Number of protein chains: 2
Amino acid sequence: MTESLTDQRRLRPRGSNLGRELAEKLRARIIGGEFPPGARLPSETAISDAYGVSRVTVRTAVKLLESQGMVNVRHGSGTYVADFGGQVRTGLQELRSISETIQEMGFTPRMERYRMEQRPATPEEAAKLAIDDGTEVISIQRAILADEIVMAYSYDVIPSSLIPASHVGELGVDSLFRVLDQLGLQPVRALAELHAVNSTEVAWGPSQPESGLYLLLDQVHQDQRGAAVAYSRTYFVEGRFQFMILRTR
Amino acid sequence: MTESLTDQRRLRPRGSNLGRELAEKLRARIIGGEFPPGARLPSETAISDAYGVSRVTVRTAVKLLESQGMVNVRHGSGTYVADFGGQVRTGLQELRSISETIQEMGFTPRMERYRMEQRPATPEEAAKLAIDDGTEVISIQRAILADEIVMAYSYDVIPSSLIPASHVGELGVDSLFRVLDQLGLQPVRALAELHAVNSTEVAWGPSQPESGLYLLLDQVHQDQRGAAVAYSRTYFVEGRFQFMILRTR
DNA sequence: GAGTGGTCTAGACCACGCA
DNA sequence: GCGTGGTCTAGACCACTCA
């Protein structure tokens with residue numbers, strides 16, 4: 001391996017780090033089929049040598065993959081690729097763009113904006129966003145697709161004051177994360193609530209899921225200073241998106 | 001600080017580590033009022049000196065506290081005690097007994113065993129528990145109540161070999177965690193999958209929830225060695241139990 | 001016993017905030 | 001400009017698995 005990760009340090013995108021990058025590369029190799037489910041990854045020292053990074057860095061990468069349910073680590077034995085049956089799978093505790101997640105699992109993400117309007121915040125939205133009742137917000141309804149199949153319907157609310165007119169057009173078309181990122185409002189944490197929902201009023205348009213069964217992720221996104229930047233209710237169509245979480249004591 | 005954490009290495013309980021211990025000590029000082037909400041903790045180097053551990057270890061401790069919503073870390077400024085308003089908010093990412101959680105929310109937990117049998121594992125169960133097809137397992141169906149209201153219906157499977165006959169009677173009556181703990185099989189991690197479920201076949205007995213809507217926590221509990229000790233499918237009645245999770249980048 | 005992951009250290013340099 | 005947290009390294013030793 002002649003290409004060292006550290007050489008590219010200056011070119012790295014924001015919010016990235018060597019561990020994260022290494023995790024991406026390993027994930028790509030896993031999805032690419034080089035390491036099929038059940039296969040053992042090279043040892044941590046071997047990976048460390050191959051990529052020219054320290055073992056500590058390798059370990060942060062492996063831990064990330066583990067928390068995403070991508071691999072299982074067995075002390076004294078090795079790190080093995082998990083069997084996630086080709087489904088989109090993601091670790092809940094890590095805040096990431098849905099589009100990114102879809103892409104990394106080897107599918108093509110797309111947004112479809114259904115409706116967007118500017119209106120006063122409802123009391124509930126105002127409470128979630130910690131703004132005054134009736135403050136102007138931009139409300140967006142969009143569908144999130146992977147390979148043209150709807151993964152989720154999302155209802156997002158953002159205080160209008162955060163979005164300059166020049167960027168409004170991108171909302172609901174591009175990834176919400178990407179838009180916020182460009183404005184320096186990258187969410188770094190989200191306080192999320194989980195619910196099961198059964199309703200025919202969530203979806204719109206053609207090809208609505210038959211069951212009407214969703215996993216609702218009700219979350220407030222916060223920026224680095226702890227300020228609320230967005231309130232999202234994202235309804236994931238049950239069975240199309242796999243949420244997992246590594247719970248530890 | 002004369003008492004160095006590293007000196008006690010041999011006395012440390014299993015499954016612990018310096019970072020976790022340090023987090024406990026810091027948490028105790030925070031709860032004890034030494035650092036009230038909004039206060040800044042000593043710098044990482046200062047803590048590292050005071051406790052005789054490396055800064056890397058301090059950072060793992062601080063990260064743990066941050067993931068529990070105990071502190072907010074601000075780059076270039078410091079680490080501040082969060083204002084958690086007296087509320088006990090149990091995050092999903094932390095593995096705890098449901099009974100314990102119910103108790104901490106001020107309710108009285110109770111188990112109601114509906115059915116228990118010993119039988120060969122189904123292929124799916126065997127796969128989850130990493131045992132051979134057809135290995136004998138104990139299957140338990142129980143309801144978990146808080147103040148006599150059903151919070152969840154749980155379907156648990158445990159390899160028979162793990163449970164001595166003397167403890168079988170407690171299964172499904174006492175907290176599963178407590179029973180496993182007594183056998184030295186305390187789960188330290190669980191790989192959980194989340195699903196929305198709508199079914200009338202989950203619940204039993206009288207006073208079944210009308211909606212049939214559940215949040216399913218499908219999880220494999222593992223002990224310290226990574227061995228699967230139990231496979232649980234717990235159906236939480238939607239709306240009666242609140243799951244929160246702090247997602248971070 | 002060889003090889004794997006688990007833990008920890010000391011030290012370096014970078015990026016950010018704040019006065 | 002100084003102090004803070006953010007990242008990364010090289011190396012050490014321990015605990016575990018498996019042949």
Side-chain angles (χ1 to χ4, degrees), chain A residues 4-23 26 39-66 71-81 184 186 188 223-226 248-249, chain B residues 4-23 26 39-66 71-81 130 188-189 222-227 248-249:
Chain A
S4 162
L5 280 172
T6 41
D7 295 341
Q8 306 169 356
R9 203 169 294 184
R10 274 169 230 133
L11 303 174
R12 270 158 45 200
R14 262 184 76 140
S16 191
N17 59 42
L18 268 185
R20 206 170 275 259
E21 277 173 53
L22 180 53
L26 293 174
R40 207 187 73 181
L41 294 189
S43 76
E44 295 181 351
T45 30
I47 295 175
S48 143
D49 289 346
Y51 286 91
V53 299
S54 75
R55 202 180 136 215
V56 175
T57 302
V58 174
R59 283 181 63 72
T60 70
V62 171
K63 271 189 180 166
L64 192 56
L65 293 178
E66 188 189 22
V71 300
N72 299 315
V73 182
R74 293 213 292 270
H75 188 181
S77 172
T79 300
Y80 300 82
V81 177
Q186 199 185 40
V188 295
D223 69 10
Q224 233 134 13
R225 291 172 201 75
T248 53
R249 271 189 86 87
Chain B
S4 163
L5 281 172
T6 42
D7 295 342
Q8 307 169 355
R9 202 169 296 182
R10 275 168 230 135
L11 304 174
R12 268 157 48 200
R14 283 184 62 139
S16 191
N17 58 43
L18 270 184
R20 205 169 274 261
E21 277 173 54
L22 179 54
L26 293 174
R40 207 187 73 182
L41 293 189
S43 77
E44 296 181 350
T45 31
I47 294 174
S48 144
D49 289 346
Y51 286 90
V53 298
S54 76
R55 204 182 133 212
V56 175
T57 302
V58 174
R59 282 181 65 72
T60 71
V62 171
K63 271 188 182 167
L64 191 56
L65 293 177
E66 189 190 20
V71 300
N72 298 315
V73 182
R74 292 213 291 271
H75 189 181
S77 174
T79 300
Y80 301 82
V81 177
V188 295
R189 33 186 275 156
Q222 300 175 336
D223 69 8
Q224 238 127 18
R225 292 174 201 76
T248 52
R249 268 192 83 88

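Just so we're clear, the structure is a prediction, and the values are computed from it rather than from any experiment. Below, chain A is the first sequence line, B the second, and so on; all start at residue 1.
Considering only residues two or more places apart in sequence or on other chains, B/R55 meets the side-chain hydrogen bond (donor to acceptor under 3.5 Å, both in side chains) condition with B/E44. In terms of the side-chain hydrogen bond (donor to acceptor under 3.5 Å, both in side chains) criterion, residue partners of B/T57 (sequence neighbours excluded) are, by chain and number, B/S54. In this view, A/E66 and B/R189 satisfy the side-chain hydrogen bond (donor to acceptor under 3.5 Å, both in side chains) rule, not counting sequence neighbours.
Dashed line: the shortest gap from a side-chain N or O of B/T57 to OP1 or OP2 of C/dT9 is under 4.0 Å.
For the pair B/A23 and B/A61, the tightest heavy-atom approach, listed with the atom from each and the gap, is N-CB, 3.7 Å. Heavy-atom minimum distance, A/V62 versus A/V71: O-CG2, 4.1 Å.
The nearest whole Å value for the distance from the NZ atom in A/K63 to the P atom in C/dT7 is 6 Å. For the pair A/N72 CG and C/dG5 C1', the interatomic distance rounds to 14 Å; values are reported in whole Å. Between A/L64 atom CG and D/dC8 atom C1' the separation is 17 Å, expressed in whole Å. When rounded to the nearest whole Å, the span between CG of B/N17 and C1' of D/dC13 equals 16 Å. Protein atom CD1 of A/I47 is 12 Å distant from nucleotide atom P of C/dG6, rounded to whole Å. One can place OH of A/Y80 at 11 Å from P of D/dT17, the figure rounded to the nearest angstrom. Here C/dG6 presents its P atom at 14 Å from CZ of B/R20, a figure rounded to the nearest Å.
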All N/O contacts under 3.5 Å from nucleotides 2-5 of chain D to the protein, with atom names and distances to one decimal?
{"unit_1": "D/dG3", "atom_1": "N2", "unit_2": "B/G76", "atom_2": "O", "d": "2.9"}
{"unit_1": "D/dG5", "atom_1": "OP2", "unit_2": "B/E44", "atom_2": "N", "d": "2.8"}
{"unit_1": "D/dG5", "atom_1": "N2", "unit_2": "B/H75", "atom_2": "NE2", "d": "3.3"}
{"unit_1": "D/dG5", "atom_1": "N3", "unit_2": "B/H75", "atom_2": "NE2", "d": "3.3"}

Intermediate values then yes/no, side-chain contact (heavy atoms from CB on, under 4.5 Å), B/L22 and B/I47: CA-CA 9 Å; B/L22 179 54; B/I47 294 174; 4.2 Å; yes
